[in-house]
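Given the structure is predicted, the values throughout are model-derived calculations rather than measurements.
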Amino acid sequence: MAAAPATFVVVALVAVALCGGVGRAQDMDNEWARYRGFFGGGGTLLPQSDVDLLEFPLNLEYLETEFFCWSALGYGLDGIDVNLTGGGPAPIGGQTAALTPFVRDVATQFCYQEVGHLRAIKQNVRGFPRPLLDISAANFGKIVEQAMNTTLDSPFNPYENSLNFLIASYIIPYVGLTGYVGANPKLLTPQARRLVAGLLGVESAQDAVIRALLYERGLSRVASYGVGVAEVTAHISELRNQLGSRGIKDEGLVVAPGQGPEGQTVGNIIAGDQFSLAYDRTPEEILSIVYGTGNPAQAGGFFPQGADGRIARGLLM
């Protein structure tokens with residue numbers, strides 16, 4: 001009978017050891033949970049940080065898809081591939097734009113390029129349903145008035161003509177490409193970096209096409225507003241800098257003497273820093289801009305109910 005206490009002690013020690021082991025296992029489980037991601041199309045396990053950074057730009061890709069497709073085709077993602085919407089709500093205010101055949105051709109290509117971007121991202125991460133988007137003429141009009149710091153007698157309508165469409169297009173893709181530049185050095189896996197590089201290449205090309213078409217019309221007057229195209233782009237870029245609150249990361253089509261490439265031109269057909277490198281933005285900056293509030297926690301603008309994904313949801317009030 002004397003062995004009973006010894007047996008009890010042994011059992012107790014084993015129990016303590018097991019409990020400690022369980023605790024350590026739980027700690028390790030919690031630690032690894034930070035790195036658990038989603039198996040991409042190539043079977044690579046992406047860390048959660050990469051998943052978050054790849055999912056976040058879906059917000060901008062949804063926005064660009066809907067605006068370009070509605071403008072060019074008269075319908076959006078629901079009419080192209082409803083599965084890509086993830087069951088999300090239809091956008092507000094999309095309509096066919098009155099475009100010249102050339103600009104409609106460009107817009108149509110942009111439309112289907114954006115559809116491809118959605119497919120590419122969703123082959124690598126699960127993503128989320130299309131958030132509620134406001135691509136109405138009224139919303140674009142508010143943005144332009146905010147940029148011009150005035151109330152226009154004739155509200156700006158991006159669907160009214162080709163020039164207005166190009167000015168509205170100037171508002172969107174550039175923000176996304178700065179986000180890709182900002183995300184790239186934070187990505188941990190080659191798979192994620194390759195995807196972002198591919199997306200950045202095409203988004204940058206789209207922005208270059210838009211800026212080139214507007215640059216050609218730089219001195220043209222925007223109907224009823226009494227200002228030139230270059231001046232409007234400068235105001236839009238200045239607004240984005242103000243909303244982003246991180247200094248100059250945006251430039252119009254014409255800049256002050258000494259501020260162009262190598263200080264040699266005032267023409268600024270492609271925006272870039274002092275070394276003509278693309279500017280970068282964080283998700284917080286991007287949300288502050290596309291919400292139109294200057295605050296990543298306060299939804300509005302193109303995203304009346306806020307953007308989606310872990311990063312955006314984590315910042316909302």
Side-chain angles (χ1 to χ4, degrees), residues 60 63-64 67-72 97-111 113-114 135 137 139-150 152 154-178 200-244 248-257 259-261 265-273 276 278-279 281 289-290 302:
L60 277 297
L63 175 60
E64 293 170 33
F67 177 62
F68 289 138
C69 292
W70 271 101
S71 297
L99 306 176
T100 64
F102 174 78
V103 174
R104 188 175 305 283
D105 181 32
V106 171
T108 300
Q109 293 179 51
F110 284 2
C111 160
Q113 288 166 3
E114 297 303 333
I135 55 171
N139 187 47
F140 276 99
K142 290 177 184 177
I143 295 169
V144 171
E145 289 189 346
Q146 187 179 5
M148 301 294 293
N149 195 29
T150 187
L152 301 172
S154 177
F156 176 82
N157 182 350
Y159 304 104
E160 185 175 353
N161 54 55
S162 291
L163 181 56
N164 283 13
F165 165 78
L166 291 171
I167 291 172
S169 299
Y170 180 90
I171 295 172
I172 302 175
Y174 180 76
V175 179
L177 80 84
T178 58
L200 174 59
V202 174
E203 292 291 334
S204 299
Q206 289 178 349
D207 183 65
V209 169
I210 293 164
R211 292 178 72 97
L213 292 174
L214 287 171
Y215 189 77
E216 187 179 25
R217 299 164 170 80
L219 298 178
S220 301
R221 295 284 169 180
V222 182
S224 304
Y225 305 148
V227 294
V229 170
E231 184 178 348
V232 173
T233 65
H235 284 300
I236 293 171
S237 289
E238 183 179 352
L239 173 63
R240 291 191 294 214
N241 284 328
Q242 292 173 356
L243 294 174
I248 296 176
K249 296 190 177 183
D250 218 306
E251 300 169 336
L253 298 174
V254 176
V255 293
Q259 293 183 3
T265 73
V266 295
N268 197 46
I269 197 167
I270 296 176
D273 66 11
S276 292
Y279 292 104
R281 282 193 171 110
I289 293 168
V290 297
F302 291 115

Heavy-atom closest contact ([X] atom, [Y] atom, distance):
X	Y	value
A72	T108	CB-OG1, 3.4 Å
R240	D250	NE-OD2, 2.7 Å
G244	I289	N-CG1, 3.9 Å
S237	G252	OG-N, 3.5 Å
E251	Y170	O-OH, 3.1 Å

Going by salt bridge (charged side-chain N to carboxylate O under 4.0 Å, His left out), name the residues that satisfy it together with K249, two or more places apart in sequence or in a different chain.
E285
Set of residues satisfying salt bridge (charged side-chain N to carboxylate O under 4.0 Å, His left out) with respect to R211, sequence neighbours excluded:
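Expected list: none.
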Which residues pass the side chain to side chain contact (heavy atoms under 4.5 Å, CB included) test with [X], sequence neighbours left out?
X	answer
N157	A137, Y159, E160
A208	none
L152	V144, E145, T150, F156, Y225

Show, in sequence, the C-alpha distance, side-chain angles and deciding distance for N241 and Y279, and conclude whether the side chain to side chain contact (heavy atoms under 4.5 Å, CB included) test is met.
CA-CA 11 Å; N241 284 328; Y279 292 104; over 6 Å; no
Not counting sequence neighbours, which residues clear ring pair (Phe, Tyr, Trp, His ring centres under 6.0 Å) with F165? List them please.
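If we apply the ring pair (Phe, Tyr, Trp, His ring centres under 6.0 Å) test to F165, skipping adjacent residues, the hits are F67.
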Only one of N268, V254, L253, I167 passes side-chain contact (heavy atoms from CB on, under 4.5 Å) with T233; say which it is.
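Per the side-chain contact (heavy atoms from CB on, under 4.5 Å) rule, the option paired with T233 is L253, out of N268, V254, L253, I167.
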